[in-house]
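Accompanying notes for the structure given below.
As the structure is a computational prediction, the values presented were derived from the model and not from experiment.
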Amino acid sequence: MSTPVLDSFGWGPFFAEAFVPYHNEGLVPGRVTREHRGLFRVQAEEGELVAELAGRLRHEARGRADLPAVGDWVALRKPAQGLRATIQAVLPRRSRFARKAAGDELDAQVAAANVDTVFLVTGLDRDYNLRRIERYLVLAWESGARPVVLLNKADLSADADDARREVEAVAPGAPVHVISAREGRGVEQLAPYLQPRQTIALLGSSGAGKSTLLNRLAGVEQQATREVRASDSRGRHTTTHRQIFVLPSGALMVDTPGMRELQLWEAEGGLHVTFDDVEGLAAACRFTDCAHTGEPGCAVRAALDEGRLDPARFASYVKLRDERTRVAQEQDKRARSDANRKVRSIHRLARRHNPRE
């Protein structure tokens, strides 16, 4: 199923093939453009619909990640007169930017789905932090989308070029652009990413200038903006929900609330790409299980001692690697617990239907 409206929102063969079984059930496809308080705005062929989750989908979801996120393609049952549409299923995702849910909850939160490019926005004021950029890069590479680092607020920095070189050193494979969204400086560099049907997610901390950039690219004020605090360059959450906006170029942009807590969820591949220099050195260590704490023949320790590896970058790598290991262990523990619970449930059912004589 392909129509001009669906195509303009990124529909293609990947989703069309996955939708075939739902088409046979009389459902229609749509893309989630906004989620707020459990209700969804979904762009379908006939226009924008308000939708809610079908009870079965909510019941069968193993966690938040199984529920629709902004950018998802879903199978909808059209609304009856005066009622809302219902989301019956979420189609497979081509990419997803996911983080661990805030707090102690062991669950994934999907910030955006089916994204082609991730704009990682950081301000060249007190928001600038290399270690936070590395963390965003790990999750961006893991998502399956292409990360692009935007160093915003060039109008507030006298050392923008130095910052660009610093970021390029820790962001292998990711383009880095210096811009001023407020003044429009450097924004023309983003044109190659803003092609029709391409989906771009804006990610960054509160006050980094994501909404200002969206307004600049849209040519109108799509999102309200507020001044950041001068003391720490922190902004209030001007964006309170995730939403897709259609730009004049035909590109689709997802604006997201600022993320002050960004814990890893899936990160193995993202770590390899972001820290390929560190892992390349580790591969040259004499022992495959080298902990890089003083073992003989440690290539990482040699690089640190000789100044070829920044100690702060290595410490960042260790922190993120250990964080990912802890989350993976917790995931494995929960998976085993769930499996044991299912086995016990099956045994109880068996005893109930086959009581002993």
Name each donor-acceptor pair under 3.5 Å that joins a side chain in residues 287-294 to protein atoms two or more places apart or in another chain, with its distance.
| unit_1 | atom_1 | unit_2 | atom_2 | d |
| --- | --- | --- | --- | --- |
| Thr293 | OG1 | Glu295 | OE2 | 3.4 |

Can a cation-pi geometry be assigned to Arg94 and Phe14, taking NZ or CZ under 6.0 Å from the six-membered ring centre and within 45° of the ring axis? yes

Kindly compute the distance separating CG (Asp255) from NZ (Lys210), expressed to the nearest 0.5 Å. 6.5 Å

Apply side chain to side chain contact (heavy atoms under 4.5 Å, CB included) to Ala283 and list each qualifying residue two or more places apart in sequence or on a separate chain. none

Does any part of the side chain of Thr33, heavy atoms only, come nearer than 4.5 Å to the side chain of Val42, both counted from C-beta? no

What is the distance from atom CZ of Phe19 to atom CG of Asn24, rounded to the nearest 0.5 Å? 9.0 Å

Mind jotting down which residue pairs meet the side chain to side chain donor-acceptor pair (under 3.5 Å) criterion with at least one end in residues 167-177? Sequence neighbours excluded, please. Arg164-Glu168, His177-Gln189, His177-Tyr193

Determine which pairs satisfy ring-ring contact (aromatic ring centres under 6.0 Å, His included) with at least one residue from residues 39-76, sequence neighbours left out, and list them in order. Trp11-Trp73, Phe15-Trp73

What pairs with Glu188 under side chain to side chain donor-acceptor pair (under 3.5 Å), at least two apart in sequence or on another chain? none

For Glu46, give me all partners under salt bridge (Lys or Arg N to Asp or Glu O under 4.0 Å), at least two apart in sequence or on another chain. Lys78

Return the OH to CG distance between Tyr317 and Leu309, rounded to the nearest 0.5 Å. 11.0 Å

Between Gly209 and Asn152, which heavy-atom pair has the shortest distance, and what is it? CA-ND2, 3.6 Å

Once side chain to side chain donor-acceptor pair (under 3.5 Å) is applied, do any residues pair with Asp72, and if so which ones, sequence neighbours excluded? Arg93

If you take all heavy atoms of Leu304 and Pro311, which pair is closest and at what distance? CD2-CA, 3.8 Å

All side chain to side chain donor-acceptor pair (under 3.5 Å) counterparts of Tyr128, not counting sequence neighbours: Glu166

Reported CZ-to-CD1 distance for the pair Arg185 and Ile179, which is rounded to 0.5 angstrom: 10.5 Å

Name all residues meeting the side chain to side chain donor-acceptor pair (under 3.5 Å) criterion together with Asp155; count only those two or more places apart in sequence or in a different chain, and write none if there are none. Ser180, Arg182

Sequence-distant partners of Arg165, salt bridge (Lys or Arg N to Asp or Glu O under 4.0 Å), two or more places apart: Asp162

Can you name the salt bridge (Lys or Arg N to Asp or Glu O under 4.0 Å) partners of Glu60, sequence neighbours left out? Arg56

Spacing of Leu213 atom CG and Lys153 atom NZ [to the nearest 0.5 Å]: 12.0 Å

Residues that Glu35 engages under salt bridge (Lys or Arg N to Asp or Glu O under 4.0 Å), provided they are two or more places apart: none

Any side-chain heavy atom of Thr86 within less than 4.5 Å of one from Leu53? no

When Val115, Asn114, Leu247, Ile244 are each screened for side-chain contact (heavy atoms from CB on, under 4.5 Å) with Leu252, the one that passes is Ile244

May I ask you to test the Asp127-Asn129 pair for a side-chain heavy-atom distance under 4.5 Å? no

